[in-house]
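One structure is given below, encoded as structure tokens.
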Amino acid sequence: MKNSALRIEALLAEMRSLEGIARRRVLLVRGHSWRTQKAALDAGHVVAAGRSWLAMPDADVVLRSAAERGVVLTCVSAAAHLGCWTFEGDEVHVTGLSRRSCDHLPAGTRVHWNRPIVPRHPDALVDPIENVLALVASCQPLERALTIWESAIRRGLADPLALGRLPLTRKARKVLEESSHIADSGLETIFFTRLRWLGVRIVPQAWVHGHRVDFLIGERLVVQIDGGHHVGAQRTSDIRHDAELMLRGYHVIRVGYQQVVHDWPGVQLLITQAIAQGLHRAA
């Protein structure tokens, strides 16, 4: 009994290293017998995900669903799973291992059929990042694709030089060429992309009097974009810094997620009115 418990614990440790979900034959190859797998199932430590996979109860539900249906997460769904900045959406983007595996997918599933840039391992549930970004470039509008690409590069998931050596499509190469790799968040990418038409110097992540600001427009207009972390001590520090900048002759505009994503015309109006009043110029 003790040896059985130890074998089950070793199996669970292996599965934790695989994000809590693994193909049964992979576990077998790694030394976890069918008997140990069945014992873990019977004890409720793992559950079946289709006929070929085992999942821990707290495994990612999207990965578990992919395993059950025999598909691979890709495009924006894989980007979100990997921690990239993505937009809200209900569709799940997958690629099929076979046409048959995609015959009975639920509504709201978008299937991509493409020749991968990087070969997909048969036991992978998430597409390699290079394939993910290539599909994002072809599937999403330029601005959204750019936001996701910059997020992936910023997080160290992809290297722009390595991406440039891949056989990218024209759309993907355009996204790569337009990536600045400077923006600190998806919101900043959106802001910068949407205001480039102004013809005014916009410096992302500028240092102003010992502090980094999200954007410096012209010489004196500072724009700060608040995400969900701008609360508590961070918020207090931000207010103090705003006051210091204003005393030094800067004009500070703060906007948040809801404004940038859901009320862009209002944000653009704020910026254009400030520029029209010359608030971006030094006195």
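Start at 1 with the first residue, then count along the sequence. Everything numeric in this text was worked out from a predicted model, so none of it was measured.
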Quick one: closest heavy-atom pair of [X] and [Y], and the distance?
{"X": "N131", "Y": "D127", "answer": "ND2-OD1, 3.1 Å"}
{"X": "T74", "Y": "V94", "answer": "CG2-C, 3.6 Å"}
{"X": "V76", "Y": "V136", "answer": "N-CG2, 4.0 Å"}
{"X": "C84", "Y": "L157", "answer": "SG-CD1, 3.7 Å"}
{"X": "A55", "Y": "A49", "answer": "CB-CB, 4.4 Å"}
{"X": "V132", "Y": "A78", "answer": "CG2-CB, 3.5 Å"}

**OP:** May I have all residue pairs that pass salt bridge (Lys or Arg N to Asp or Glu O under 4.0 Å) and include part of residues 24-43, sequence neighbours excluded?
**Re:** E14-R30, R25-D123, K38-D42

Subject >> Pairs meeting criterion salt bridge (Lys or Arg N to Asp or Glu O under 4.0 Å) with involvement of residues 51-65, two or more places apart >> reply: R64-E68

Atom pair [atom1]/[atom2] of [X] and [Y] - distance to nearest 0.5 Å:
{"X": "L176", "Y": "I153", "atom1": "CG", "atom2": "CD1", "result": "6.0 Å"}
{"X": "L27", "Y": "T36", "atom1": "CG", "atom2": "OG1", "result": "10.0 Å"}
{"X": "I202", "Y": "T193", "atom1": "CD1", "atom2": "OG1", "result": "10.0 Å"}
{"X": "R254", "Y": "Q259", "atom1": "CZ", "atom2": "CD", "result": "11.5 Å"}
{"X": "L146", "Y": "S179", "atom1": "CG", "atom2": "OG", "result": "5.0 Å"}
{"X": "L63", "Y": "H81", "atom1": "CG", "atom2": "NE2", "result": "4.0 Å"}

Taking [X] for its side chain and [Y] for its backbone only, find out whether a donor-acceptor pair lies under 3.5 Å.
{"X": "D226", "Y": "V255", "result": "no"}
{"X": "E150", "Y": "T147", "result": "no"}
{"X": "S77", "Y": "H93", "result": "yes"}
{"X": "E91", "Y": "R110", "result": "no"}
{"X": "T272", "Y": "Q268", "result": "yes"}

**OP:** Decide yes or no on side-chain contact (heavy atoms from CB on, under 4.5 Å) for I271 and F191, but give the supporting numbers first.
**Re:** CA-CA 11 Å; I271 303 304; F191 183 91; 4.1 Å; yes

Subject >> Qualifying residue for side-chain contact (heavy atoms from CB on, under 4.5 Å) with L163, from I117, L133, V175 >> reply: L133

Give the cluster check for [X] versus [Y]: same hydrophobic cluster or not, with ILVMFWY residues linked at side-chain heavy-atom distances below 4.5 Å.
{"X": "L198", "Y": "L187", "result": "yes"}
{"X": "L270", "Y": "V252", "result": "no"}
{"X": "W34", "Y": "L18", "result": "no"}
{"X": "I129", "Y": "V118", "result": "yes"}
{"X": "W197", "Y": "L221", "result": "yes"}

Original post:
Checking side-chain contact (heavy atoms from CB on, under 4.5 Å) for the pair H241/H209: CA distance, chi angles, key distance, verdict?
Top reply: CA-CA 10 Å; H241 185 221; H209 294 290; 5.7 Å; no

Subject >> Which residues share a salt bridge (charged side-chain N to carboxylate O under 4.0 Å, His left out) with R194, sequence neighbours left out >> reply: E143

Original post:
Of all residues at least two apart in sequence or in a different chain, which pass the salt bridge (charged side-chain N to carboxylate O under 4.0 Å, His left out) check with R240?
Top reply: none

For residues 166-173, dump all side-chain donor-acceptor pairs below 3.5 Å to protein atoms at least two apart in sequence or in another chain.
{"unit_1": "T169", "atom_1": "OG1", "unit_2": "A172", "atom_2": "N", "d": "3.2"}
{"unit_1": "R173", "atom_1": "NH1", "unit_2": "G164", "atom_2": "O", "d": "3.3"}
{"unit_1": "R173", "atom_1": "NH2", "unit_2": "L166", "atom_2": "O", "d": "2.8"}

**OP:** Using the test side chain to side chain donor-acceptor pair (under 3.5 Å), find all partners of R165 that sit at least two apart in sequence or belong to another chain.
**Re:** none

Taking C-beta and beyond as the side chain, do [X] and [Y] meet within less than 4.5 Å on heavy atoms?
{"X": "I21", "Y": "L125", "value": "yes"}
{"X": "L142", "Y": "E178", "value": "yes"}
{"X": "F87", "Y": "I190", "value": "yes"}
{"X": "I225", "Y": "F215", "value": "yes"}
{"X": "M15", "Y": "L54", "value": "yes"}
{"X": "M56", "Y": "R16", "value": "yes"}
{"X": "H211", "Y": "V208", "value": "no"}
{"X": "P204", "Y": "D214", "value": "no"}

Subject >> Aromatic ring pairing Y257/H262, orientation class (parallel under 30°, perpendicular over 60°, tilted between) >> reply: perpendicular

**OP:** Evaluate the criterion side-chain contact (heavy atoms from CB on, under 4.5 Å) for residue pair L216 and Y250; output intermediate values, then yes/no.
**Re:** CA-CA 10 Å; L216 177 62; Y250 292 85; 4.2 Å; yes

**OP:** Start with the C-alpha gap between I217 and R201, add the side-chain angles, then the distance that decides, and say whether side-chain contact (heavy atoms from CB on, under 4.5 Å) holds.
**Re:** CA-CA 6 Å; I217 300 178; R201 188 186 70 152; over 6 Å; no

Original post:
Cut-off 3.5 Å, side chains only: do S65 and R69 have a donor facing an acceptor?
Top reply: yes

**OP:** Look at E188 together with R212 and state whether they make a salt bridge at an N to O cut-off of under 4.0 Å.
**Re:** no

